[in-house]
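Working notes, beginning with the structure itself.
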Protein chains: 4
Amino acid sequence: MRGQQARGSSRRAQIVSAAIEVIAADGFANATFSRIAKQAGLSSTSLISYHFAGKEDLLAACLTEIEAITNGFMQARIGAARGHVAQLRAYVESNVALVGEHPAAVRALIDLVKNAGSQSQAVNGRLALIEEHFRGGQDAGVFRHFDARMAAIALTSGVDAVVATAARATPEPAELARLGRDLSDLYVRAITPA
Amino acid sequence: MRGQQARGSSRRAQIVSAAIEVIAADGFANATFSRIAKQAGLSSTSLISYHFAGKEDLLAACLTEIEAITNGFMQARIGAARGHVAQLRAYVESNVALVGEHPAAVRALIDLVKNAGSQSQAVNGRLALIEEHFRGGQDAGVFRHFDARMAAIALTSGVDAVVATAARATPEPAELARLGRDLSDLYVRAITPA
Amino acid sequence: MRGQQARGSSRRAQIVSAAIEVIAADGFANATFSRIAKQAGLSSTSLISYHFAGKEDLLAACLTEIEAITNGFMQARIGAARGHVAQLRAYVESNVALVGEHPAAVRALIDLVKNAGSQSQAVNGRLALIEEHFRGGQDAGVFRHFDARMAAIALTSGVDAVVATAARATPEPAELARLGRDLSDLYVRAITPA
Amino acid sequence: MRGQQARGSSRRAQIVSAAIEVIAADGFANATFSRIAKQAGLSSTSLISYHFAGKEDLLAACLTEIEAITNGFMQARIGAARGHVAQLRAYVESNVALVGEHPAAVRALIDLVKNAGSQSQAVNGRLALIEEHFRGGQDAGVFRHFDARMAAIALTSGVDAVVATAARATPEPAELARLGRDLSDLYVRAITPA
DNA sequence: AATGAATGAGGGTTCATTCAT
DNA sequence: CATGAATGAACCCTCATTCAT
């Protein structure tokens, strides 16, 4: 009766998936319950309200879902890398490469981050992780001493923006790879000692 | 009858100013005529419609106003700098410093850029300018050879994000100066040869 | 979410009915959602938007409903008549007689025809039917040779105007019958050979 | 201060003229003060309110002006005709011919009659005149005995409708002449004895 | 005589949400 | 679980009119 169902509900997953597609296609501002319901093949928006406590709840679920997708993709590559620099490269390059694998998820994520970013723990979590990575590298002496939080913000938003631009054009994998390499070059130079 | 007033109208300026404050405080999505009218001390939203052809028109006027403010502030500093590197530093540092002078304008600008960015020629103009600056530096041999467009995107969005974060906290001028220096260090290292 | 309901919805029918009464009473120009909602006993206009895709949709539904009413009444009488002249008489007389049965529908129809006439295929269909009838009579040699389209326009609008006047006064059935006879006399004389 | 100026004001005439053109071009429903002011080259709608007591007043003035135009054209032709039948022909044919001379006035008149018809004395006056003409012809024995008022309604509305259709197409003078002759044939046959 | 600014009512429409079934 | 109906607030916008100047 309340809305807010068990996490495992298949209906929930179906709605979240539809919402992500709508956000990716029509933008965050146009992602209404109406469009989402239609995309999901539901006859009524009330089903969404039934499964989610509110729009915020749905959006949070989208964010969670997207991050599960992206993390699954990126974590493997990052985990395989050895050393602070290599891991940072892996982060940037796998993030760019992700556009080729899950364009809708990437587009939706960027829109969600733009519009609901600072409230979201998930987004802030990603930020904190990178900040922590920077501090670790600094302690290990492989990164310069800069404002780690500031650099984390600059990096994540920069990567997001490049990825967003790329996501609009659906480029070739090879082109994406070059883009990712170029971009990680930029940041590695920025944070490592001369 | 109007719907499009002479540029110099004081009411227009008052409404634009109120709109900027609302966007800065409540976000682009919540910047409704109602809130703007209330902020401006107007008795009804129809006065806004009287002075502006529509919401788009008002938003465009806000963007114009903000850019006038920011350009007036930044152009002087950038123009005073000599050399590609110094000019880039001037851009980044003056942009960060701007937060201390016009926090509302900065916050609003960032929200407008996020939500109306790719349609706005003013925004795209800024991007093109930096891209051009990069190419010029590359031709002069003072910048490395990287994807100029990509780097321009990464830089502008990174600066915007750092600035946005700073704008939320209203920090001291000295702190802002340090932040600007740190950030421009980052980008200068990123784009200059080892 | 709907905006376009199944044809059989009782609410839809209720709203259409209310709209017809409002148009009949206040005129097409004053048939606002507010007045229609009040007439239908609804608490808000949004319910109308819920059941109809827009004002046009509602108006189209009204036209359809009215034509169903009028056709049901007139078709029987016209179909029972034999010969071109008798059918024309049946058309004119049954149209006038209709005022006694469904005054609101008649008044509303005339207002709708006046204001949305040339766009409506239903209205144009009626015109085309009569024009065709005229041509048939001319080919059969029972009608004179005149501009069939022009005469159809003159007849339908003339009948509409007489009917509209009659509808304003709610006259007795006998009086209506005489009016219908007189009017059909007029047109029969106009189109049959001396 | 009140609005409602002396009849002879040149501004008044200018506004009336603009209003007629707007009604003819955009239709009665879209004839707003805004559009009329623009058409008249005025900078503000308040000037209209200044010269006219209200919208009704302006519309009445339009009707008066149009009738002055049409009467000037038609009266000459009707007055030159001798006999009841010839005068009726002159009315119908000159009315149709008018389309070629003053298309805007005709289009506007028809729209005004449709939307403000039954309230207007001028319109009702025209009706009464024809009704009187019919009675005169009946007394003189040249017209049959029919419901004079009803026939007047049928005739005027029929002529208006044909004229309205013609006004939409701006046809050749010769075509208009034929149309007028055909139409007056129709009505003459309708009202004269077999 | 004329004007620009301002007003308030009302326009249709969209939206997330609630409720009874 | 699921649904269709209903709701009320809020949205942007247009209109004729008024007022001080």
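These numbers come from the heavy atoms of this one structure, side chains and all, not from hydrogens, waters or symmetry mates. Protein chains get the first letters and strands the later ones, always in sequence-line order, with residue 1 at the start of each. None of these values were measured; they are calculated from a predicted model.
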Let me spell it out: for each of A/Lys55 and B/Thr45, pick the nucleotide of DNA chain E with the closest heavy atom. Which residue's pick is nearer the 5' end?
B/Thr45
Report yes or no: does D/Gln14 contribute a side-chain atom to a donor-acceptor pair with the main-chain N or O of D/Ala40 at less than 3.5 Å?
yes
Counter-base of E/dT21, judged by Watson-Crick or G-U geometry with both distances under 3.5 Å:
F/dA2
Name the closest nucleotide to the C/Phe33 side chain, picking from F/dC13, E/dT7, E/dT13.
E/dT13
F/dT7 - base-pair partner by Watson-Crick or wobble geometry, distances under 3.5 Å
E/dA16
Within this structure, what is the CG-to-C1' distance between C/Leu58 and E/dG12, rounded to whole angstrom?
12 Å
Whole angstrom value for the distance that separates C1' of F/dC1 from CG of A/Leu42
12 Å
With the side chain of B/Arg11 defined as its heavy atoms from C-beta on, choose the nearest nucleotide among F/dA16, E/dA6, E/dT3.
E/dA6
Would one find a side-chain N or O of B/Ser34 under 4.0 angstrom from OP1 or OP2 of F/dA10?
no
Please answer whether the main-chain N or O of C/Ala13 pairs with a side-chain N or O of C/Ser17 as donor and acceptor at a distance below 3.5 Å.
no
Exam field: side chain D/Asp57 to backbone D/Phe52, donor-acceptor pair closer than 3.5 Å:
no
Starting from P on F/dA16, measure out to CZ on D/Arg35 and report it in whole angstrom.
11 Å
Starting at CD1 of A/Ile48 and ending at P of F/dC1, how long is that distance when rounded to a whole Å?
16 Å
Once you round it to whole Å, what is the distance between P of E/dT18 and CZ of A/Phe52?
15 Å
Atom CD of C/Gln14 and atom C1' of F/dA6 are separated, to the nearest Å, by 12 Å
Starting at the 5' end of DNA chain F, which residue's closest nucleotide do you reach first, A/Ser46 or B/Glu56?
A/Ser46
Among F/dG8, E/dT17, E/dG12, which nucleotide sits nearest the side chain of C/Ser43?
F/dG8
Whether the side chain of C/Tyr50 and the base of F/dA5 hold a donor-acceptor pair under 3.5 Å is what I'd like checked.
yes
Nearest-angstrom distance from the residue atom CD1 of A/Ile15 to C1' of F/dT3
13 Å
Nearest whole angstrom, please: distance from the C1' of E/dT3 to the NE2 of D/His51.
11 Å
Looking for any heavy atom pair under 4.0 Å, which part of the strands does B/Thr32 touch: base, sugar-phosphate only, or nothing?
sugar-phosphate
5' precedence on DNA chain E between B/Leu47 and C/Asn30 (nearest-nucleotide basis)
B/Leu47
Verify, without hydrogens or angle tests, whether B/Arg107 (side chain) and B/Ala25 (backbone) share a donor-acceptor contact under 3.5 angstrom.
no
So, do D/Val113 and D/Leu109 sit near enough that their side-chain heavy atoms are less than 4.5 Å apart?
yes
